[in-house]
Amino acid sequence: MVEITDFRMFTVEDLAGRVRDGECSAADLTDVALARIAAHDDELNSFVAVDVDNARAQAVDIDQRIAAGEDVGPLAGIPIGVKDLEDAVGFQTVRGAMHLRDIAPATADSVEVRRLRSAGCVVIGKTNTPEFGWVGDTYNSVFGITRNPWNTQRSPGGSSGGSSAALAGGLIPLATGSDGGGSIRIPSALTALSGLKPTQGRIPAGPAPLGAADLSTLGPMARRIRDVALALDVVVGPDPSDLRSLPLIKGSFRAVCDDPRPPRRLLWCPSVEGSPVDDEIREVVESALEKMRDQGVEVVESHPVFADWRAGVFLAMFFGSMLPVFREVIDSDAYAEVTPGLRAMLDLVVPHVTLDAVEEARKVAQGLSVELAAAMEGFDALITPTTVGQTPACMQEGTVNGEATPKWIAATPPFNMTRRPAGTTCAGFAADGMPVGVQIVGHQLDDLRTLELTAWVEDLLGFDPIAPFGH
């Protein structure tokens, strides 16, 4: 029997198989997660809440059901963290907000968490996020700063940075995330994970919609894309609580990874909307593209595919959608406790959020979608850097050729506006040892092929890096 002390040495699929086969128990995996959190999370601060007794009780129940001959699901015994923008029974959903720090614990799971539990998962606790997921970093006034296992002075990205840090640090093997402007892809890239932003509606966001309702989508997170795929097969499919949810997809995310088909033609766009790209980031991704060319793939370089990208429209959609949540807070003393950067964005954007402005933003998004479809015609996918800038220090902006800029994450928001599925995997490393991601953007609604191509790129590049933390 193999001793399990670090989840990074095993796939989720392998761990669940061992639990089902009796090689280890759900209780064993839960104890490993709890021990690693106790030993290492003071340094990372990836979890904001852990319920030891309840986690152990969940695990014992799964083990008893297996002993009775019951099939507990494809994720048998897998410990998970739930991003603190999503409900899990018994835990507060604080959303990194001071005005919610005394909120009552949730009495029902989100649809995604409920489906993960039904597939055999053990909910360990909640993972950190910036206030209402507002930024591509992870810090807030309630729970503090989350740190990157590759270098604890650097950001793990955001807004799913608590999940990415916990996964890259080997504290848990699976977590939940959400992505309203890059919040799965950015933290995955900065911590050397593979990830996927599904099409909005693939995973129901109910019972309560996400903050950036026109932009956000949920998604499981793991170190490697096949484990993401395994979890996606569990959580996709419609639910009455989410009117945006899509019909059940035909086919299996995990099955398309068994022998992923290579692309024939790829469109390479270093900057999708014209922002400068860090020279080293571009060099790392272009080196990955050369490996694709060596496989006979035609790679065609493109000028920015969005000729009329307007960042202000994205900001209006993203922060304007928070207006219902913050309307009462803005007019109260609690507004002073809102994260300063978020407060500044709300002050800037909210006065301009009118019905006409929202309608105009939706029309712009439709136009961008048409523009993207035309650019991608005849190509299997669009390839970009996942971030155009280098990994920032905690609570700082990333840099492009040494200059700090908020545009270091410019490559991800356009695909929330256009709702395209988009994956990311590790393309290599910068000179400072920090991971660099390559983004694989698929065609409209073509989540299966996008994930399949992400698996193909992951296999081709061959990176399975383990952060120098927690050994």
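Not measured: the values here are computed from a predicted model.
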Original post:
Side chains of Ser46 and Asp41: do they bring a donor and an acceptor to under 3.5 Å?
Top reply: yes

**OP:** Heavy atoms only: give me the nearest Ile62-Cys121 pair and the separation to one decimal.
**Re:** CD1-O, 4.1 Å

Original post:
Mind checking whether Phe326 and His99 have ring centres under 6.0 Å apart?
Top reply: yes

Original post:
Between Asp61 and Arg56, is the closest basic N to carboxylate O distance under 4.0 Å?
Top reply: no

Original post:
Do you know which two heavy atoms are closest between Arg20 and Ala76, and how far apart they sit?
Top reply: CG-CB, 3.6 Å

**OP:** Heavy atoms only: give me the nearest Ala165-Thr146 pair and the separation to one decimal.
**Re:** CB-CG2, 3.7 Å

Original post:
Could you state the interatomic distance from OG1 (Thr138) to CG (Asn45), rounded to the nearest 0.5 Å?
Top reply: 10.0 Å

Subject >> Lys/Arg N to Asp/Glu carboxylate O, Arg8 vs Asp6, below 4.0 Å >> reply: yes

Original post:
Is Arg362 close to Gln366 at the side-chain level, that is, under 4.5 Å between some pair of heavy atoms?
Top reply: no

**OP:** State, yes or no, whether a side-chain contact exists between Ile80 and Leu116 at a heavy-atom distance under 4.5 Å.
**Re:** yes

Original post:
Quick one: do the Thr424 and Ser188 side chains pair a donor with an acceptor below 3.5 Å?
Top reply: no

Subject >> pair Glu131-Met98: side-chain heavy atoms closer than 4.5 Å >> reply: no

Original post:
Ser178 versus Ser216: any side-chain heavy-atom pair under 4.5 Å?
Top reply: no

Original post:
What's the spacing between Arg420 CZ and Gln200 CD if we round to 0.5 Å?
Top reply: 13.0 Å

Original post:
With a 4.0 Å cut-off, would you call Asp227 and Arg223 a salt bridge?
Top reply: no

**OP:** Measure the spacing between CZ of Arg226 and CG of Asp459 and express it to the nearest 0.5 Å.
**Re:** 4.0 Å

Subject >> Between Lys83 and Ser159, a side-chain donor and acceptor under 3.5 Å >> reply: yes

Original post:
Atom CG in Leu453, atom CD in Glu458: separation rounded to 0.5 Å?
Top reply: 12.5 Å

**OP:** Provide the closest heavy-atom pair for Asn140 versus Gly96 in the form atom of the first, atom of the second, distance.
**Re:** CB-O, 3.4 Å

Subject >> Aromatic ring proximity Phe47/Phe143, centre distance under 6.0 Å >> reply: no

Original post:
Between Glu86 and Lys126, is the closest basic N to carboxylate O distance under 4.0 Å?
Top reply: no

**OP:** Would you indicate whether the side-chain heavy atoms of Pro392 and Met434 approach each other to under 4.5 Å?
**Re:** no

Subject >> Residue among Asp214, Asp446, Asp447, Asp179 satisfying salt bridge (Lys or Arg N to Asp or Glu O under 4.0 Å) with Arg419 >> reply: Asp214

**OP:** Could you check if a side-chain atom of Leu190 sits within less than 4.5 angstrom of a side-chain atom of Pro435, using non-hydrogen atoms only?
**Re:** no

**OP:** Report yes if the side chains of Thr339 and Tyr139 come closer than 4.5 Å at any heavy-atom pair, otherwise no.
**Re:** yes

Original post:
Side-chain donor-acceptor pair under 3.5 Å between Ser110 and Asp87, yes or no?
Top reply: no

Subject >> SB check Arg147 Glu43 (cutoff 4.0 Å) >> reply: no

Original post:
So do Pro156 and Asp137 actually touch side chain to side chain, heavy atoms under 4.5 Å?
Top reply: yes

**OP:** Would you please say whether a donor-acceptor pair under 3.5 Å links the side chains of Gln92 and Arg101?
**Re:** no

Original post:
Just by distance, with hydrogens left out, do Thr425 and Thr454 show a side-chain donor and acceptor under 3.5 Å apart?
Top reply: no

**OP:** Of all the heavy-atom pairs spanning Ala422 and Gln439, show the shortest one and how long it is.
**Re:** CB-OE1, 3.8 Å

Original post:
How close do Pro204 and Pro238 get, heavy atom to heavy atom, and via which atoms?
Top reply: CG-C, 4.0 Å

